[in-house]
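The block underneath contains the structure these notes are about, expressed in structure tokens.
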Amino acid sequence: MKNPDTLKDYTIHGTGDCPLHVYNQYYTDRILSVYYHWHKEIELIYVEKGPVDIIVNGIPCQVKDGDFICINSEELHQLHSVGNLPSIHHALVFLPDILQFEYPDAAQTHYINPLINQSLILPRIIPSDAIYGEKIRTAFLEILRLFESRTPGWYLGVKSCIYQILTILICENLLITEPGIHHPDYKTALVKKSMQYIHEHYQQKIYLEELATNVSMNTQYFCRFFKSIVGKTPVAYINHYRITQAARLLQSENISVTEAGLRTGFENPSYFIKLFKAQSHMTPSDYKKLFY
């Protein structure tokens, strides 16, 4: 799971000798909401049923049934349902290091090493109507089958399918050799730093001047800069994160609504209840009743 006080996802995906995992996500009766985070692993997401809104390094896009999303290593990203529409997606998360060969052949030199050091990255979206899309979908569905079966040789089979997908992308000239805006850059690093500060201080008062100074900007410019990348003002993001943490407390600890608000930086109980209801579509009390 993602450490609540950092943007980095510290979930252990798989095991030490098989560092990959498949997540089958069914959001048919609840809203998909995966907020900003990043991880060392590459993530390939197949959207079986959508649509899904995604923001990667501040760039928004919407994917539909049959599309693939590629999240490169260390990219800041979030996913959300579109309105209340149901969604089903399947995600393969794996360390790019597993693609390395001991023998430094041409594949290692020209493709694998650049993928690991991020001088070569995957395209953002593989559309469902692309000519090569069916081949990628076939390989990905085989990954799902192999992971579910865990029959002898399943892990080797999964790696083989990843290589197949990479081969298709290479043949179609879809790997990005000049990452540009798709690659984690200086702006994204500054946003990560600002979010990190919020995650570490959300229980206290946070002043915009503090956030701006933390990234060597004036307050007015910082607010515009933050919203351009995140899609929310700094204040809106702070409140969103605080409400998310309050929901975690109400779910994991049998505490009062007032205490949950105070422990997440809300001094005014009425304001806390108003924001919680706006974000969660229910009052904190009703939310707590789901668990206690």
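All values below come from the heavy atoms of this structure, side chains included, with hydrogens, waters and symmetry mates left out.
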Would you say the side chain of [Y] lies within less than 4.5 Å of the side chain of [X], judging by non-hydrogen atoms?
X	Y	value
Ser280	Ile243	yes
Cys223	Leu208	yes
Ile69	Glu43	no
Pro284	Leu250	yes
Ile206	Val235	no
Ile98	Tyr155	yes
Leu99	Leu166	yes
Pro96	Leu115	no

So which heavy atom on [X] is nearest to which on [Y], and how close?
X	Y	value
Asn214	Lys193	O-NZ, 3.0 Å
Pro114	Thr109	CD-O, 3.4 Å
Pro123	Cys70	O-CB, 2.9 Å
Pro51	Ser87	O-CB, 4.3 Å
Arg263	Tyr202	O-CE1, 4.3 Å
Ala247	Tyr287	O-CE2, 3.3 Å

Is it the case that more than 12 heavy atoms not belonging to [X] sit under 6.0 Å from its [atom1] atom?
X	atom1	result
Tyr207	OH	no
Lys64	NZ	yes
Asn254	CG	yes
Tyr111	OH	no
Glu267	CD	no
Lys159	NZ	yes

How long is the span from the [atom1] atom in [X] to the [atom2] atom in [Y], to the nearest 0.5 Å?
X	Y	atom1	atom2	result
Leu290	Met282	CG	CE	5.0 Å
His21	Glu41	NE2	CD	12.0 Å
Leu174	Ile125	CG	CD1	12.5 Å
Glu172	Ile131	CD	CD1	7.5 Å
Ile162	Leu20	CD1	CG	6.0 Å
Leu275	Phe266	CG	CZ	5.0 Å

Between Lys40 and Leu95, is a side chain to side chain contact (heavy atoms under 4.5 Å, CB included) present by the stated rule, with each step listed? CA-CA 7 Å; Lys40 177 66 176 176; Leu95 276 176; 3.7 Å; yes
Aromatic ring proximity, centroids under 6.0 angstrom, Tyr197 and His199: no
Audit row: Thr167, Ile170, side chain to side chain contact (heavy atoms under 4.5 Å, CB included) steps and yes/no: CA-CA 5 Å; Thr167 300; Ile170 291 167; 5.5 Å; no
Backbone of [Y] reached by a side-chain donor or acceptor of [X] within 3.5 Å:
X	Y	answer
Asn117	Asn113	yes
Thr213	Glu210	no
Ser149	Leu146	yes
Tyr292	Glu253	yes
Ser194	Leu190	yes
Thr283	Asp286	yes
Asn57	Leu76	yes
Ser73	Ile42	no
Asp67	Ser128	yes

Let's go through Ile165 and Ile143 carefully: what are the C-alpha distance in whole Å and the side-chain angles of both, what is the deciding distance for side chain to side chain contact (heavy atoms under 4.5 Å, CB included) to 0.1 Å, and is it a yes or a no? CA-CA 11 Å; Ile165 292 172; Ile143 289 174; 4.2 Å; yes
Under 30°, 30 to 60°, or over 60°: which ring-plane class applies to Tyr221 and Phe225, parallel, tilted or perpendicular? parallel
Classify the ring geometry of His240 against His80: parallel below 30°, tilted from 30° to 60°, perpendicular beyond 60°. perpendicular
Mind running salt bridge (charged side-chain N to carboxylate O under 4.0 Å, His left out) on Glu75 and Arg124 for me, showing each step along the way? CA-CA 11 Å; Glu75 287 188 324; Arg124 178 66 61 241; 3.1 Å; yes
Both conditions, 6.0 Å and 45 degrees, for the charged tip of Arg150 above the ring of Phe147: are they met here? yes
Group every Ile, Leu, Val, Met, Phe, Trp and Tyr by side-chain heavy-atom contacts under 4.5 Å, then state whether [X] and [Y] land in the same group.
X	Y	result
Leu92	Ile168	yes
Ile55	Trp38	yes
Leu44	Ile116	yes

Verify ring-ring contact (aromatic ring centres under 6.0 Å, His included) between Phe101 and Tyr163, making sure each step is shown before the conclusion. CA-CA 12 Å; Phe101 305 106; Tyr163 287 125; 5.6 Å; yes
Could you go through Tyr46 and Ile136, starting from their C-alpha distance and side-chain angles, then the distance that decides it, and tell me whether this counts as side chain to side chain contact (heavy atoms under 4.5 Å, CB included)? CA-CA 10 Å; Tyr46 169 55; Ile136 292 178; over 6 Å; no
Test log, rule side-chain hydrogen bond (donor to acceptor under 3.5 Å, both in side chains), inputs Gln251 and Arg248: CA-CA 5 Å; Gln251 179 178 344; Arg248 290 180 65 254; over 6 Å; no
Can we say Glu74 and Lys192 salt-bridge, meaning some charged N sits less than 4.0 Å from an Asp/Glu carboxylate O? no
Assess whether a salt bridge exists between Arg145 and Glu148, defined as any Lys/Arg side-chain N lying under 4.0 Å from an Asp/Glu carboxylate O. no
Tell me, please, which residues at least two apart from Asp129 pass side chain to side chain donor-acceptor pair (under 3.5 Å). none
Members besides Ile88 in its Ile/Leu/Val/Met/Phe/Trp/Tyr cluster (side-chain heavy atoms under 4.5 Å): Tyr26
Start with the C-alpha distance between Glu48 and His90, add both sets of side-chain angles, then the distance that settles side-chain hydrogen bond (donor to acceptor under 3.5 Å, both in side chains), and finish with yes or no. CA-CA 7 Å; Glu48 181 180 334; His90 310 274; 2.6 Å; yes
